[in-house]
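Right, one structure below, let's go through it.
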Amino acid sequence: MTENNQAFDPSAHLDPQTSQDQTWMRHAIALAEQGRYATKPNPNVGCVIVKDGQLLGEGFHPQAGQPHAEVFALRQAGSAAHGATAYVTLEPCAHYGRTPPCALGLVEAGVARVVVACADPNPLVAGKGIEILQRAGIEVEQGLCADEAAQLNRGFLKAMSTQQPYVRLKVASSLDGRTAMASGESKWITGAAARLDVQHWRGISAAIITGIDTVLADDCELNVRELAQADISTVVQPKRVVLDRQGRLPLTAKILLQPETVMVMGPYRQDLADLGVVQLPVFSLDALLSSLCQDYQLFDILIEAGATLSSAFLQQHLVDEMISYVAPTFLGQSARAMFKADLHHMAEQFRFKLEDVTQLGDDLRLRLIPTQESV
């Protein structure tokens, strides 16, 4: 599943070299997508090695601690990589971590040309990979399909640039903007296809933030249980972050069935510590996001919460993207509203840019980016 719905038009008026480069880079991007649920906190990267229009090797980064995409592609290509072109979706790394620098691997393999989609803002890389290649006399081109490649790593790229995570807010509502009946009953507003789609967004997230009222009302687990196009056993499950300022989380809550993936912001509790739950002091929302990013390397955050908490994130301008599922149903005025924001003037409204609309069964999924017009 891809976040980018823009189709490749092979009839576009491009010179033959550019058209070929785009074809191979988009193949590298498709490879990178295969690691989307398993690489965190590492970025998703794909690489292909090509010479004379022939694919010699390909690979993607499958999991943190395992070889990078370039390593797999170069292994496949072997000695044939000499004089070839490498297409890489993210600037090759230039530092020694769990694996050696990929930039040096490309130099040692003797490739003649490297095409890079996205620069890597990680201070350990940040142009150093490109510099290694150029110093070795390798031709380097940057920026091809950059927007498409960046879609795969929005959290990583933002975190490396700003030390803040990329935050998505997920909501599901009726046509009249309601999320549950007055009693709290909400199963189900949306259909099966939309609910399966939510699993994808959870799968690419490093953490899911919710409020204690949601946990108490729904006894939710907020984990990844099914994916349309991936083996569930390969998924790095997101941390579940519960905001519980009064310490009300019961030990019988289903979310605690996997306590090692739970974080609770609230007063310290020894019973939670005994379970292995990570406990966080009470932060402001922006400080919480900073801590999750900088202290725990959680770069993609999904908010699945009630109207009050969702509204707070929006009103504090902490949301990068909203994923809104709209079901063709009507719940009436006594049902619970999607948001709770006390606005009185049109100038106070929150406006969004529509990124795309996707039909999922009978429901619609809108991907929305808050605009500067929001106040």
Side-chain angles (χ1 to χ4, degrees), residues 2-4 6-36 38-39 42-63 66-94 99-120 125 127-153 156-157 229:
T2 177
E3 290 182 55
N4 192 332
Q6 182 178 358
F8 172 46
D9 179 9
S11 65
H13 296 290
L14 302 168
D15 65 76
Q17 181 62 61
T18 302
S19 179
Q20 186 179 76
D21 284 347
Q22 286 194 341
T23 297
W24 290 118
M25 184 59 79
R26 283 174 174 155
H27 181 57
I29 290 170
L31 288 169
E33 288 181 337
Q34 295 183 44
R36 298 209 65 181
T39 64
N42 288 1
N44 301 282
V45 183
C47 176
V48 296
I49 310 292
V50 178
K51 183 160 55 176
D52 299 326
Q54 298 297 311
L55 177 64
L56 304 176
E58 62 180 33
F60 67 95
H61 181 45
Q63 190 175 14
Q66 293 193 21
H68 291 182
E70 297 93 326
V71 174
F72 287 109
L74 288 169
R75 283 178 185 173
Q76 247 185 44
S79 60
H82 188 83
T85 295
Y87 297 87
V88 190
T89 59
L90 187 69
E91 178 182 354
C93 64
T99 58
C102 290
L104 288 180
L106 291 166
V107 170
E108 292 167 359
V111 301
R113 179 171 173 256
V114 176
V115 182
V116 176
C118 288
D120 188 342
V125 184
K128 299 182 182 71
I130 299 296
E131 184 180 355
I132 289 172
L133 298 172
Q134 291 176 330
R135 282 184 177 179
I138 296 173
E139 178 187 352
V140 179
E141 298 180 25
Q142 302 181 61
L144 183 68
C145 302
D147 290 343
E148 295 168 53
Q151 293 275 350
L152 295 171
N153 295 306
F156 176 82
L157 294 173
Q229 299 177 3

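None of the values given here were measured: they were computed from a predicted structure.
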Next on the checklist: With heavy-atom distances below 4.5 Å as the criterion, would you say the side chains of Val116 and Pro92 are in contact?
Outcome noted: yes

Next on the checklist: Can you confirm whether His61 sits close enough to Pro43 that some side-chain heavy atom of one is under 4.5 Å from a side-chain heavy atom of the other?
Outcome noted: no

Item to check | Within-4.5 Å side-chain heavy-atom neighbours: Pro101 and Lys128 | outcome: no

Next on the checklist: Against Trp24, only a single residue in Ile29, Thr85, Leu55 fulfils side-chain contact (heavy atoms from CB on, under 4.5 Å); can you say which?
Outcome noted: Leu55

Item to check | side chain to side chain contact (heavy atoms under 4.5 Å, CB included) assessment of Cys118 paired with Asn153 | outcome: CA-CA 10 Å; Cys118 288; Asn153 295 306; over 6 Å; no

Next on the checklist: Would Ile130 and Glu91 count as a side chain to side chain contact (heavy atoms under 4.5 Å, CB included) here? Give the steps.
Outcome noted: CA-CA 7 Å; Ile130 299 296; Glu91 178 182 354; 3.5 Å; yes

Item to check | Under the side-chain contact (heavy atoms from CB on, under 4.5 Å) test, residues paired with Gln63 that sit two or more places apart | outcome: Gln66

Checklist entry - Taking the side chain from Thr89 and the backbone from Gly46, do they hold a donor-acceptor pair closer than 3.5 Å? => result yes

Checklist entry - Any side-chain heavy atom of Phe156 within less than 4.5 Å of one from Leu90? => result yes

Item to check | Atom of Ala149, atom of Ala117 and distance for their closest heavy-atom approach | outcome: CB-CB, 3.6 Å

Next on the checklist: Taking salt bridge (Lys or Arg N to Asp or Glu O under 4.0 Å) as the definition, give me every residue that meets it alongside Glu131, ordered by chain and number, with sequence neighbours left out.
Outcome noted: Arg135

Next on the checklist: How close do Gly53 and Gln20 get, counting heavy atoms only, and between which atoms?
Outcome noted: CA-NE2, 4.1 Å

Item to check | Closest non-hydrogen atom pair between Pro62 and Pro67, with its separation | outcome: CD-O, 3.6 Å

Next on the checklist: Considering only residues two or more places apart or on different chains, which pairs with a residue in residues 45-60 satisfy side-chain hydrogen bond (donor to acceptor under 3.5 Å, both in side chains)?
Outcome noted: His27-Glu58

Checklist entry - Is a side-chain donor or acceptor of Asn44 paired with a backbone partner of Arg36 at a separation under 3.5 angstrom? => result yes

Item to check | Shortest non-hydrogen contact from Leu106 toward Ala86 | outcome: CD2-CB, 3.9 Å

Next on the checklist: Is the shortest side-chain heavy-atom distance between Ile49 and Gln76 below 4.5 Å?
Outcome noted: no

Checklist entry - How about Val88 and Glu70: do any of their side-chain heavy atoms sit closer than 4.5 Å? => result yes

Item to check | Side-chain touch Tyr87/Glu141, heavy atoms, less than 4.5 angstrom | outcome: no

Next on the checklist: So which atom in Leu144 and which in Gln22 form the shortest heavy-atom distance, rounded to 0.1 Å?
Outcome noted: CD1-CG, 3.6 Å

Next on the checklist: Is the shortest side-chain heavy-atom distance between Cys47 and Phe72 below 4.5 Å?
Outcome noted: no

Next on the checklist: Show the nearest heavy-atom pair for residues Ala80 and Ala84, with the distance to one decimal.
Outcome noted: O-CB, 4.2 Å

